[in-house]
Amino acid sequence: MPSCIICHLNINENTDSFKSCKNLHLVHKTCLAEWLLHSQNCPLCSEPYPQSLIDQFKDYKDKKEEEKQAALNKKLQKESRKKMQQVADKILNLKLVESIEHLIKVEKFDEAIEKLLDIYNENSTDERDLNILYLLGKANYLKGRYDMAINFFFKLVKIRYNYPDGFLYLGKSYEKLGLKDKAQWAYDRISSPQD
Ligand SMILES: [Zn+2]
Ligand SMILES: [Zn+2]
């Protein structure tokens, strides 16, 4: 029994087959339909297929291309939704941080600290979480809890050495506790973060 030159399975010459090219290479109708999506030449001898044959599979090709386009559009939509979500999250975060900064400004330190602890992710070293650490330190400093402030500022500068405001408030907190040497150590690191 002859076989299809594309899938190499047996082929029945009377049904669903084509002697497709000049050299009469046999293919299944379904195999040819797939092959024509990629090439218009016979896969075995590279002879071009006649246009009349290609035209018979035009509908199939159009349908496949439509499907491909639809899948692509769906993917693009999904990506743009994701991007929009990221932007929305960022704005939400900024607003949240802004509202907490306001709480600190109007001296509602406990409320600010509570909100900060709610959104703080201690496993993250994102800009957002570093800023939260800074605000946690600052709120505690202004509240007069210098020991707590030192904890937060220390954690912050351990993650990001180049955070001058972190060292500044770390120094101020030490100073409030009368630890002048340690305060100086922190101040020294504001101006020369490469040390
Ligand atoms: Zn086949
Ligand atoms: Zn051929």
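When a ligand or atom number is given, it counts from 1 through the structure's own listing order.
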> Any donor-acceptor pair under 3.5 Å linking the side chain of S99 with the backbone of L96?
Replying inline: yes

> If you check every N/O/S atom of H28, which is the one nearest the Zn ion (ligand 1)?
Replying inline: ND1

> Can the positive tip of K172 be found less than 6.0 Å from the middle of the six-membered ring of Y169, inside 45° of the ring normal?
Replying inline: yes

>> For N10, is there any backbone N or O sitting under 3.5 Å from a side-chain donor or acceptor partner on H28?
In response: yes

> Will you find, in the side chains of Q184 and D188, an N or O donor that is under 3.5 Å from an N or O acceptor?
Replying inline: yes

>> Between C7 and the Zn ion (ligand 1), is there a contact where an N/O/S atom of the residue lies under 2.8 Å from the metal?
In response: yes

>> Are Y163 and Y134, when compared by the centres of their aromatic rings, separated by less than 6.0 Å?
In response: yes

> Parallel, tilted or perpendicular: which fits the ring planes of F154 and W185, with parallel below 30° and perpendicular above 60°?
Replying inline: parallel

>> With a 3.5 Å distance limit and no angle check, can you tell me whether D129 reaches the backbone of T125 through a side-chain donor-acceptor pair?
In response: no

> Taking the Zn ion (ligand 2) as the center, what protein N, O or S atoms are found at less than 2.8 Å?
Replying inline: C21 SG, H25 ND1, C42 SG, C45 SG

